[in-house]
Amino acid sequence: GAVVSQHPSRVICKSGTSVKIECRSLDFQATTMFWYRQFPKQSLMLMATSNEGSKATYEQGVEKDKFLINHASLTLSTLTVTSAHPEDSSFYICSAEWGGYTFGSGTRLTVV
Amino acid sequence: RKEVEQDPGPFNVPEGATVAFNCTYSNSASQSFFWYRQDCRKEPKLLMSVYSSGNEDGRFTAQLNRASQYISLLIRDSKLSDSATYLCVVGPRGGKLIFGQGTELSVKP
């Protein structure tokens, strides 16, 4: 089946630094990937839709200058959290559609 | 109103019990419906898609009522390993998914 590989699985960074999260589709081409965020005891909330070769589409309330998305190839999308703050600490997860939907394993970000 | 609403949890049930989860959605144009399972600190995993005619997979039965915009999941003969958070998920045909807040299930011996 379709596999999406997400890295890193866990990262701790200092306030003010930037963190890059990668999602790769291993055995299929993903024209579109979706980035979600999940706070404890809450559901997954869509942040943005990443489109290969074009600008990402952000959901209302998500700062596009803070959460930079790049989808330069059909197998790789990246999310960079810039100038991270403790309130950005969350579980970030990507998904891609291939007929069904497949999810990466998620990245737990802790900003200290 | 939330786009997808689920029963508040948690549900605490003994092994062997039957448990039902309910979900409603607000967008009548929604085309795809799923139940996902999420274990603590893990990514969601597809449990089953939900079809208008209703569908069953072993101990799990899902039903969809488009007129009422209502989705259900029934788990029969619950096992300890069924303990997880169950997410009701709704989407257009293709495209982004909208997740419910999840209902936590704890199956006790």
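Note on naming: letters A, B, ... go to the chains in the order of the sequence lines (proteins, then strands), and numbering restarts at 1 for each one.
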Does [atom1] belonging to [X] count more than 12 external heavy atoms closer than 6.0 Å?
{"X": "B:Glu56", "atom1": "CD", "result": "yes"}
{"X": "A:Glu22", "atom1": "CD", "result": "yes"}
{"X": "A:Lys64", "atom1": "NZ", "result": "no"}
{"X": "B:Met48", "atom1": "CE", "result": "yes"}
{"X": "A:Phe39", "atom1": "CZ", "result": "yes"}
{"X": "B:Arg66", "atom1": "CZ", "result": "yes"}

Exercise for review: Check whether any side-chain heavy atom of B:Leu97 lies under 4.5 Å from a side-chain heavy atom of A:Tyr101, and answer yes or no.
Suggested key: yes

Exercise for review: Using modelled atom types only, decide if a donor and an acceptor are shared between the side chain of A:Ser43 and the backbone of B:Gly102 within a distance under 3.5 Å.
Suggested key: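 Judged by distance alone, no pair lies under 3.5 Å.
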
Point to revise | Segment of A:Thr32 engaging chain B (4.5 angstrom heavy-atom cut-off) | key: neither

Review point. Checking A:Leu44 against chain B: side chain, backbone, both or neither under 4.5 Å from a heavy atom?
Key: both

**Study point:** Between A:Gln38 and B:Gln38: side-chain donor-acceptor atoms closer than 3.5 Å
**Key:** yes

**Study point:** Closest heavy-atom pair and its distance - B:Glu43, A:Phe91
**Key:**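 Distance-wise, the nearest heavy atoms are N-CZ, 4.3 Å.
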
Point to revise | Interatomic distance, A:Thr102 atom OG1 to B:Lys45 atom NZ [nearest 0.5 angstrom] | key: 8.0 Å

